[in-house]
Visitor: 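Have a look at the structure that comes next, please.
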Amino acid sequence: MRFPGWMAAVVAALVLLMGSVFVVSEGHTAIVLNLGRVSRVDLGPGLHFKLPLVESARIFDRRLQVLPAEPERYLTSERKDVSVDFFAIGQIQDARAFYRATGGDESAAVDRLAPIIKDALRNEINARTLQQAVSGDRTEIVKSQLDVINRGAATLGVRILDLRIKQLDLPTDSRVIDDVYNRMRAQRQQVASRLRAEGEEQANEIRAGADRDQQVIIAEAERDAQKLRGEGDAEAARIYADAANRDPAFYAFQRSLEAYRKAFAGGDSVIVLERNDPFLQYMRSDR
């Protein structure tokens with residue numbers, strides 16, 4: 001069965017029409033190549049036309065893209081190793097330059113951007129000490145090198161909007177970790193020794209203060225005791241004197257009894273006296 005000529009013409013026209021129309025989605029851009037040479041660039045979202053068989057269209061994603069990279073090892077100004085894990089956020093800014101530099105291959109663009117970013121980070125890390133790199137503000141490390149990175153990225157038609165450091169660590173196979181731990185251990189020991197010395201000094205001060213207070217308290221107590229003892233002796237003497245003045249004979253008798261008690265307290269004492277000795281007067285008579 002033979003097809004009419006007009007049907008073949010319609011089919012050919014449809015094929016040519018389909019080959020001359022292309023659609024650019026939102027967030028994308030396109031360039032048109034005329035026999036391999038760039039003829040039109042920066043075609044926005046929508047329906048576009050091209051010459052079939054002569055022109056071809058290449059569509060690129062202009063949305064923000066995350067450009068990952070493998071962790072890189074750098075040396076600080078002290079020649080210490082640090083491992084930096086980072087990623088960049090960028091987008092295609094010049095479709096013509098991007099196509100000419102990479103042939104439209106996004107993976108090739110990432111491979112060519114990685115050395116630019118790594119070299120910029122290397123310059124910044126090399127200028128810092130280990131402490132500044134690890135504990136410093138990471139945004140400062142990125143901010144100072146972002147313009148340098150974009151000058152290199154512009155040759156690829158790409159602009160890097162942000163660069164983030166995910167992790168900045170000491171390599172596990174480096175002696176830096178041991179050095180850091182030893183330094184931290186020495187610092188902690190120094191702090192502990194200082195605290196112990198301060199504690200011992202405070203303890204000595206407290207102990208000396210307590211000893212001084214003890215001596216003061218004992219001296220004051222002894223002084224008060226001597227005062228009270230003197231007052232008591234004075235009061236006892238006054239009472240004895242008052243009692244003696246009221247009844248001298250009874251007072252003499254009581255004093256003699258006390259003398260007898262003390263003299264014969266042992267139970268086996270022997271006293272040799274004359275018969276008329278006054279000491280024995282109350283033994284001979286109660287008067």
Side-chain angles (χ1 to χ4, degrees), residues 18-75 81-126 133 138-169 171-173:
M18 294 177 60
S20 63
V21 176
F22 65 95
V23 177
V24 179
S25 302
E26 188 69 29
H28 291 67
T29 187
I31 63 174
V32 175
L33 305 176
N34 190 324
L35 299 177
R37 298 178 62 181
V38 178
S39 61
R40 285 177 290 166
V41 296
D42 295 332
L43 300 179
L47 183 65
H48 299 276
F49 297 92
K50 61 183 176 60
L51 297 176
L53 304 178
V54 177
E55 291 183 337
S56 61
R58 297 293 301 272
I59 301 175
F60 305 110
D61 191 348
R62 294 194 66 173
R63 294 173 297 180
L64 295 180
Q65 303 288 332
V66 177
L67 310 177
E70 293 295 327
E72 190 74 9
R73 294 178 63 167
Y74 300 108
L75 292 177
D81 285 339
V82 290
S83 178
V84 181
D85 190 6
F86 63 92
F87 68 91
I89 300 176
Q91 63 179 167
I92 298 174
Q93 189 172 32
D94 187 345
R96 184 195 299 269
F98 180 78
Y99 176 76
R100 287 179 174 176
T102 65
D105 188 352
E106 293 184 359
S107 61
V110 172
D111 292 340
R112 294 182 61 178
L113 277 171
I116 297 175
I117 298 174
K118 291 179 180 180
D119 289 343
L121 287 177
R122 179 179 294 106
N123 294 334
E124 192 66 24
I125 297 297
N126 291 161
R138 298 180 182 179
T139 58
E140 292 296 328
I141 299 177
V142 173
K143 182 178 179 181
S144 60
Q145 294 296 324
L146 197 57
D147 292 338
V148 176
I149 294 172
N150 276 321
R151 283 198 291 270
T155 61
L156 303 175
V158 177
R159 178 173 179 79
I160 302 299
L161 301 179
D162 197 5
L163 178 64
R164 297 295 179 91
I165 297 178
K166 296 190 295 183
Q167 197 169 6
L168 199 154
D169 287 329
T172 56
D173 58 345

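Residue numbers start at 1 and run along the sequence shown.
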Visitor: For a 4.5 angstrom cut-off between non-hydrogen side-chain atoms, does Leu43 reach Ile31?
Guide: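 They are not in side-chain contact.
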
Visitor: Indicate the atoms forming the closest heavy-atom contact of Tyr99 with Arg58, along with that distance.
Guide: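 Shortest heavy-atom separation between Tyr99 and Arg58 comes out as CE1-NH1, 3.5 Å.
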
Visitor: If you round to the nearest 0.5 Å, how far is CG of Asp119 from CD of Glu72?
Guide: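 It is 9.0 Å, given to the nearest 0.5 Å.
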
Visitor: Output, in order, the C-alpha distance, side-chain angles, deciding distance and verdict of side-chain contact (heavy atoms from CB on, under 4.5 Å) for Val24 and Thr29.
Guide: CA-CA 6 Å; Val24 179; Thr29 187; 5.5 Å; no

Visitor: Do any pairs count as a salt bridge (Lys or Arg N to Asp or Glu O under 4.0 Å) and have a residue in residues 87-105, sequence neighbours left out, and if so which ones?
Guide: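 Listed by first then second residue: nothing to list.
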
Visitor: Who pairs with Phe86 by ring-ring contact (aromatic ring centres under 6.0 Å, His included), at least two apart in sequence or on another chain?
Guide: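 Expected list: none.
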
Visitor: Main chain of Ala101, side chain of Arg112: is a donor-acceptor contact present, judged purely on distance under 3.5 Å?
Guide: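 Confirmed, Arg112 side chain pairs with Ala101 backbone.
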
Visitor: Does Ser39 have any side chain to side chain contact (heavy atoms under 4.5 Å, CB included) partners at least two apart in sequence or in another chain, and if so, which?
Guide: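 Ser39 satisfies side chain to side chain contact (heavy atoms under 4.5 Å, CB included) with Val32, Asn34, Glu55 once adjacent residues are dropped.
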
Visitor: Please name all residues satisfying ring-ring contact (aromatic ring centres under 6.0 Å, His included) with His48, sequence neighbours left out, ordered by chain then number.
Guide: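 With neighbours one apart ignored, the set is Phe22.
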
Visitor: Kindly indicate whether the side chain of Phe60, heavy atoms from C-beta on, has any atom under 4.5 Å from the side chain of Glu106.
Guide: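 Answer no - side chains too far apart.
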
Visitor: According to side-chain hydrogen bond (donor to acceptor under 3.5 Å, both in side chains), who are the partners of Arg37, at least two apart in sequence or on a separate chain?
Guide: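 Result, side-chain hydrogen bond (donor to acceptor under 3.5 Å, both in side chains) vs Arg37: none returned.
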
Visitor: Once you round to the nearest 0.5 Å, how far does CG of Asp162 lie from CZ of Phe87?
Guide: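 If we round to the nearest 0.5 Å, Asp162:CG and Phe87:CZ are 7.0 Å apart.
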
Visitor: Evaluate the side-chain proximity of Leu163 to Leu121: yes if any heavy-atom separation is below 4.5 Å, no if none is.
Guide: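 In short, these two side chains touch, coming nearer than 4.5 Å.
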
Visitor: Could you give the side-chain donor-acceptor pairs of residues 145-155 under 3.5 Å, partners two or more places apart or in another chain?
Guide:
{"residue": "Gln145", "atom": "NE2", "partner": "Glu124", "partner atom": "OE1", "Å": "3.0"}
{"residue": "Asn150", "atom": "OD1", "partner": "Ile160", "partner atom": "N", "Å": "2.7"}
{"residue": "Asn150", "atom": "ND2", "partner": "Leu146", "partner atom": "O", "Å": "3.4"}
{"residue": "Asn150", "atom": "ND2", "partner": "Ile160", "partner atom": "O", "Å": "3.1"}
{"residue": "Thr155", "atom": "OG1", "partner": "Gly152", "partner atom": "O", "Å": "2.6"}

Visitor: Does the Arg62 side chain pair with the main chain of Ile92, one donor and one acceptor, at a distance under 3.5 Å?
Guide: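 Indeed, once roles are kept as given, a pair shorter than 3.5 Å links the two residues.
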
Visitor: Taking atom CZ of Arg63 and atom CD of Gln91, what is their separation to the nearest 0.5 Å?
Guide: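 If we round to the nearest 0.5 Å, Arg63:CZ and Gln91:CD are 11.5 Å apart.
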
Visitor: How long is the gap from CG on Asp61 to OG on Ser25, to the nearest 0.5 Å?
Guide: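 Separation between the atoms: 9.5 Å.
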
Visitor: Before giving the answer on side-chain contact (heavy atoms from CB on, under 4.5 Å), spell out for Leu113 and Leu67 the whole-Å C-alpha distance, their side-chain angles and the decisive distance to 0.1 Å.
Guide: CA-CA 9 Å; Leu113 277 171; Leu67 310 177; 3.5 Å; yes

Visitor: Calculate, to the nearest 0.5 Å, the distance between atoms CD1 and CG belonging to Ile116 and Leu156 respectively.
Guide: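 Those atoms lie 5.0 Å apart.
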
